[in-house]
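Values reported hereafter were calculated over all heavy atoms of this structure, with side chains retained and with hydrogens, waters and symmetry mates removed. Remember, predicted model here, so these are calculated numbers, not experimental data. The first residue of the sequence shown is numbered 1, and numbering continues consecutively from there.
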Amino acid sequence: MSKQHREFSARLRRLEDKHSAMTSGYSAHVGADGLIVVEPRKPVKARVWVTPRAVVYFLGFFFLFKGFVMAALGFASYEARLTELSQGIAIERAGAIVMQPEPISVFIGHKLRPYIH
């Protein structure tokens with residue numbers, strides 16, 4: 001292979017690499033010497049949509065919701081409705097398991113009860 005052909009192949013490889021780098025976007029700016037310089041943007045990492053903060057907010061809202069429902073219905077009525085729900089189809093039984101009272105939502109329910117009734 002001749003020297004010119006190797007140089008040409010190397011230039012083609014550099015151009016192909018630059019082209020593939022610019023497929024995710026590019027930015028252009030004017031350099032200090034007045035030349036327009038086009039540079040590829042760095043690829044953006046995939047964002048994780050379920051962050052630890054989102055999980056904490058979801059759980060906090062869920063406990064608050066359960067406490068509010070307990071306070072609004074009354075604890076005896078809430079238990080009766082859960083018992084009825086646990087006799088239903090599979091999805092209703094799963095809902096009954098999730099909605100079981102636990103110490104956090106019971107505490108919230110007791111704190112909200114005077115404000116609701």
Side-chain angles (χ1 to χ4, degrees):
M1 196 185 303
S2 70
K3 181 180 176 185
Q4 290 88 9
H5 192 270
R6 279 193 304 265
E7 289 174 359
F8 179 74
S9 295
R11 178 162 169 70
L12 274 180
R13 222 172 306 115
R14 283 194 313 269
L15 285 172
E16 288 171 354
D17 291 344
K18 189 173 184 180
H19 177 73
S20 65
M22 290 194 186
T23 57
S24 63
Y26 56 90
S27 63
H29 65 277
V30 179
D33 56 359
L35 287 176
I36 298 174
V37 180
V38 180
E39 296 173 338
R41 286 193 186 132
K42 293 178 181 146
V44 178
K45 292 181 182 177
R47 292 189 63 173
V48 177
W49 293 103
V50 181
T51 62
R53 179 182 289 178
V55 171
V56 169
Y57 282 153
F58 175 77
L59 289 175
F61 176 76
F62 185 67
F63 289 135
L64 235 151
F65 171 75
K66 283 174 58 173
F68 178 79
V69 171
M70 286 181 198
L73 294 176
F75 293 98
S77 176
Y78 186 82
E79 287 290 335
R81 288 174 188 239
L82 276 181
T83 304
E84 181 182 327
L85 199 58
S86 66
Q87 304 303 318
I89 61 174
I91 191 77
E92 291 173 341
R93 288 192 305 259
I97 291 170
V98 170
M99 294 302 286
Q100 286 294 318
E102 79 287 325
I104 297 171
S105 58
V106 171
F107 175 77
I108 293 171
H110 281 297
K111 291 294 182 184
L112 290 177
R113 184 84 173 146
Y115 299 108
I116 294 175
H117 287 280

Are F62 and V69 connected in a single hydrophobic cluster, I mean Ile/Leu/Val/Met/Phe/Trp/Tyr linked by side-chain heavy atoms less than 4.5 Å apart? yes
I97 reachable from Y78 in the ILVMFWY side-chain graph, under 4.5 Å edges: no
Closest non-hydrogen contact found for A71 with G109 is CB-O, 3.5 Å
side-chain contact (heavy atoms from CB on, under 4.5 Å) for H110 and M70? Distances and angles first, verdict last. CA-CA 8 Å; H110 281 297; M70 286 181 198; over 6 Å; no
Atom CZ of R113 and atom CZ of F75: how far apart are they, to the nearest 0.5 Å? 7.0 Å
Smallest separation among heavy atoms of R93 and S86, with atom names: CG-O, 3.2 Å
Is there a path from L112 to F61 through hydrophobic residues (I, L, V, M, F, W, Y) whose side chains come within less than 4.5 Å of each other? no
When every non-hydrogen atom of I36 is compared with those of A28, the smallest separation belongs to CG2-CB, 4.3 Å
Heavy-atom closest pair (P101 atom, L82 atom, distance to 0.1 Å) is CD-CD1, 3.6 Å
Nearest heavy atoms of G31 and V37, plus distance in Å: N-CG2, 4.5 Å
Are more than 12 heavy atoms from other residues, nucleotides or ligands located less than 6.0 Å from atom CZ of F68? no
Separation between CG of L35 and NE2 of H29, rounded to the nearest 0.5 Å: 10.0 Å
Co-members of L12 in a cluster of I, L, V, M, F, W and Y side chains, linked at under 4.5 Å: F8
With the 4.5 Å side-chain cut-off for hydrophobic clustering, are V98 and L73 part of the same group? yes
Is the backbone N or O of E84 less than 3.5 Å from a side-chain atom of Q87, with the two atoms forming a donor-acceptor pair by type? no
Of all pairs that satisfy side-chain hydrogen bond (donor to acceptor under 3.5 Å, both in side chains), the ones with a partner from residues 50-70, not counting sequence neighbours: K66-E102
Rounding to 0.5 Å, atoms CD (E16) and CZ (R11) come to a distance of 12.0 Å
